[in-house]
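The block underneath contains the structure these notes are about, expressed in structure tokens.
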Amino acid sequence: VQGLSAVWTSASGVCALGGSTTQPNADASAVKTVTCLGGRALPSLPTATYFPASATLADTVYVVTGSQMFLLHFGS
């Protein structure tokens, strides 16, 4: 996966958000998957994203892509 955003929270550990599963010179095929190390299952993003930006405050991750923003809560 390329063009993803990575985040860390104390509840989830390291997670990868969005990205693309295509080769670098091909048209991007965006994904909405959230994948965390350690196998923690988390819901997908509401829409597929490519090159998202993210920030973590406490156990909430803010994901911005284009003109959209998503909030992911990783609390216990």
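- Contact check for Val61 versus Leu17: side-chain heavy atoms found under the 4.5 Å cut-off.
- Between the CG atom in Leu72 and the OG1 atom in Thr9 there is a gap of 10.0 Å [rounded to 0.5 Å].
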Legend entry - Trace of the side-chain contact (heavy atoms from CB on, under 4.5 Å) decision for Leu71 with Val63: CA-CA 6 Å; Leu71 302 179; Val63 182; over 6 Å; no
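- The shortest side-chain heavy-atom distance between Phe70 and Thr49 falls under the 4.5 Å cut-off.
- Looking at Ser20, its side chain does come within 3.5 Å of a backbone N or O of Ser29 through a donor-acceptor pair.
- Here His73 contributes atom NE2 and Ser12 contributes atom OG; the two are 10.5 Å apart, rounded to the nearest 0.5 Å.
- The distance from the CG atom of Leu45 to the OG atom of Ser54 is 10.0 Å, given to the nearest 0.5 Å.
- Counting all heavy atoms, side chain and backbone alike, Pro52 lies closest to Gly3 at CD-O, 3.3 Å.
- Looking at every heavy atom in both residues, Pro43 comes nearest to Val34 through O-CG2, 3.5 Å.
- Closest approach of Ser5 to Ala53, counting heavy atoms only: OG-C, 4.0 Å.
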Inset, instruction - Let me see the working for Tyr62 and Leu57 under side-chain contact (heavy atoms from CB on, under 4.5 Å), right down to the final yes or no. - result: CA-CA 8 Å; Tyr62 298 81; Leu57 295 171; 3.8 Å; yes
Inset, instruction - Under the side-chain contact (heavy atoms from CB on, under 4.5 Å) rule, what do Lys32 and Thr47 come out as? Steps first, then yes or no, please. - result: CA-CA 6 Å; Lys32 58 183 180 178; Thr47 60; 5.8 Å; no
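- With hydrogens and angles ignored, the 3.5 Å screen pairs a side-chain donor or acceptor of Gln2 with a backbone N or O of Thr22.
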